[in-house]
Each structure stands twice: as C-alpha cells, then as structure tokens.
Amino acid sequence: MKKIALYALVALAGMASASCGKTQDAADKAEEAVSETLKENAEAAADAAKMAVDKVDEAVKGSNGEVVELTDDNVLRPDTKVDKLTIVDFNATWCGPCKMLAPVFESAAESYGDKVDFLSVDIDKCAATRDAFGVEAVPTVVIMRPDGKTERYVGTQQLLPADNFMKIIKDNL
C-alpha cells in the first residue's frame with residue numbers, strides 16, 4: 001500500500017513538473033502576443049496622430065491671412081497635434097458677442113496669418129468638435145500650441161478690445 005502511494009506521488013510530481021514547462025511556454029507565447037499587440041497599437045496611434053495633423057494641415061492649407069471655417073466635424077480634437085500656433089474660435093451665428101469678436105479675429109488672421117492658423121467653428125454645425133472641446137458657452141477661443149499646451153478664453157472680456165487679443169497672440173508665439 002505504501003509502495004502504491006509512493007508511486008502515485010512520484011507520478012503526480014512528474015506530471016506537475018511536465019505541465020510547469022508547458023505553462024511556461026504558454027506564458028512566453030502570451031507575453032510575446034501581448035508585446036506584439038502593444039507595438040501594433042502604438043504604431044496605429046502614431047499613424048492616427050499623423051493623420052490628424054495632416055487633416056488640420058489640409059483644412060488650413062493656403063489660408064495665410066484668412067480665417068478658415070471648419071466644416072469637417074472630424075478634423076479637430078483637443079489632443080490634435082498642430083505644427084504651428086492654432087487659434088480656434090467656437091462661435092454661433094445667433095451669438096451677439098461672437099459677432100463682436102469676428103472682425104477682431106479676422107484682423108488678427110490678416111496680421112499673423114503667416115505664423116498662426118485661425119479656425120472658426122460654428123458650434124451648431126460641428127457639434128462633435130464642440131463636445132470634444134467641452135464648449136459650453138460662446139464665444140470660446142482655444143489656443144493650441146505645437147508643444148501641446150492649450151489656453152482657453154470664454155466670452156470676450158479678456159479678448160476685447162482688439163489690443164488684448166493681439167497681446168495674447170504675441171505672448172503665445
């Protein structure tokens with residue numbers, strides 16, 4: 001009886017050690033698969049970021065000195081990387097303060113169009129962009145810098161008169 005128990009114990013130990021090797025092989029394969037998936041995801045994210053920059057570049061192409069009306073609701077997001085200072089005016093056609101800011105925004109585009117991209121987003125036409133930026137009031141002006149930092153101004157109090165807005169632009173260049 002003791003011999004049978006001893007043989008059973010030895011057999012059980014042999015099976016356990018054999019399965020440990022298989023478990024390690026499976027773990028190694030799983031680790032390789034996870035590593036490959038992470039690499040693929042990182043590459044996909046880099047490609048998506050480049051496509052986002054390309055979309056913004058395409059939207060503002062040839063806009064030196066002009067405000068570009070953003071009509072593609074999928075171009076701009078808060079994490080979009082920009083090549084140069086980009087100023088986004090979130091506005092609405094029914095908004096009085098937006099109408100007061102518009103000529104100042106256009107004048108700034110004429111003055112700084114070679115150094116800064118100026119985008120205008122109608123919140124009623126580009127709701128996904130509005131929501132992505134968390135815009136709850138208009139006008140909202142978002143300044144996006146190439147280093148990834150942003151500034152947000154809600155209302156016109158800090159932006160008007162025009163000299164205030166021009167100083168904000170100069171300070172961000």
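It should be emphasised that the depicted structure is a prediction, and the values quoted were computed from it without experimental measurement.
- Closest heavy-atom contact between Met100 and Leu160: CE-CD1, 4.0 Å.
- Applying the ring-ring contact (aromatic ring centres under 6.0 Å, His included) test to Tyr112 and every residue at least two apart in sequence or in another chain returns nothing.
- Cys98 approaches Ala92 most closely through the heavy-atom pair SG-N, 3.7 Å.
- Annotation: salt bridge (Lys or Arg N to Asp or Glu O under 4.0 Å) contacts involving residues 120-131, sequence neighbours excluded, are absent.
- Here Glu106 pairs with nothing under the side-chain hydrogen bond (donor to acceptor under 3.5 Å, both in side chains) rule; sequence neighbours left out.
- Residue pairs satisfying the salt bridge (Lys or Arg N to Asp or Glu O under 4.0 Å) criterion with at least one member in residues 142-154, sequence neighbours excluded, are listed as follows: Arg145-Asp147.
- Contact check for Thr86 versus Val116: no side-chain heavy atoms found under the 4.5 Å cut-off.
- Distance check: Lys84 NZ to Asp117 CG gives 4.5 Å after rounding to the nearest 0.5 Å.
- Listed for the Ser111 side chain is a donor-acceptor partner under 3.5 Å among the backbone atoms of Ser107.
- In this view, Asn164 satisfies the side-chain hydrogen bond (donor to acceptor under 3.5 Å, both in side chains) rule with no residue, not counting sequence neighbours.
- Relative orientation of the Phe105 and Phe118 rings is perpendicular, given thresholds of 30° and 60° on the angle between their planes.
- Checking side-chain atoms of Asn91 against main-chain N and O of Pro139 turns up no donor-acceptor pair under 3.5 Å.
- Residues satisfying the side-chain contact (heavy atoms from CB on, under 4.5 Å) criterion with Ala162, sequence neighbours excluded, are Val104.
- Ile169 and Ala108 get closest at one heavy-atom pair: CD1-CB, 3.6 Å.
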message: Apply side chain to side chain contact (heavy atoms under 4.5 Å, CB included) to residues Leu85 and Ile143 and explain how you reach the verdict.
response: CA-CA 7 Å; Leu85 189 67; Ile143 299 176; 3.5 Å; yes
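- A heavy-atom distance below 4.5 Å is found between the side chains of Leu101 and Val141.
- When the side chains of ILVMFWY residues are joined at heavy-atom separations under 4.5 Å, either directly or via intervening members, Trp94 and Val154 end up in two distinct hydrophobic clusters.
- To the nearest 0.5 Å, atoms CG (Asn172) and NZ (Lys170) are separated by 13.0 Å.
- For Thr156, the side-chain hydrogen bond (donor to acceptor under 3.5 Å, both in side chains) criterion is met by no residue, not counting sequence neighbours.
- Here Ile87 contributes atom CD1 and Thr150 contributes atom OG1; the two are 12.5 Å apart, rounded to the nearest 0.5 Å.
- Taking Ala132 as the reference, Arg77, Pro78 meet the side-chain contact (heavy atoms from CB on, under 4.5 Å) condition, with sequence neighbours excluded.
- When only modelled atom types and interatomic distance are considered, Asp89 and Ser120 share no side-chain donor-acceptor pair under 3.5 Å.
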message: Does Val121 form a side chain to side chain contact (heavy atoms under 4.5 Å, CB included) with Val88? I'd like the steps, not just the answer.
response: CA-CA 7 Å; Val121 179; Val88 186; 3.6 Å; yes
- request: Apply side chain to side chain contact (heavy atoms under 4.5 Å, CB included) to the pair Phe90 and Val142, showing each step before the final yes or no.
  value: CA-CA 8 Å; Phe90 290 92; Val142 176; 3.8 Å; yes
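- Applying the side-chain contact (heavy atoms from CB on, under 4.5 Å) criterion to Asp163, with sequence neighbours excluded, gives no partner residue.
- With a 6.0 Å radius and a threshold of 12 heavy atoms from other residues, nucleotides or ligands, Glu136 has its CD atom at or below the threshold.
- Heavy atoms only, all atoms of each residue included: Leu119 and Val67 are closest at C-CG1, 4.4 Å.
- Partners of Asp171 according to the side-chain hydrogen bond (donor to acceptor under 3.5 Å, both in side chains) rule, which considers only residues two or more places apart in sequence or in another chain, are Lys167.
- Residue pairs satisfying the ring-ring contact (aromatic ring centres under 6.0 Å, His included) criterion with at least one member in residues 139-163, sequence neighbours excluded, are absent.
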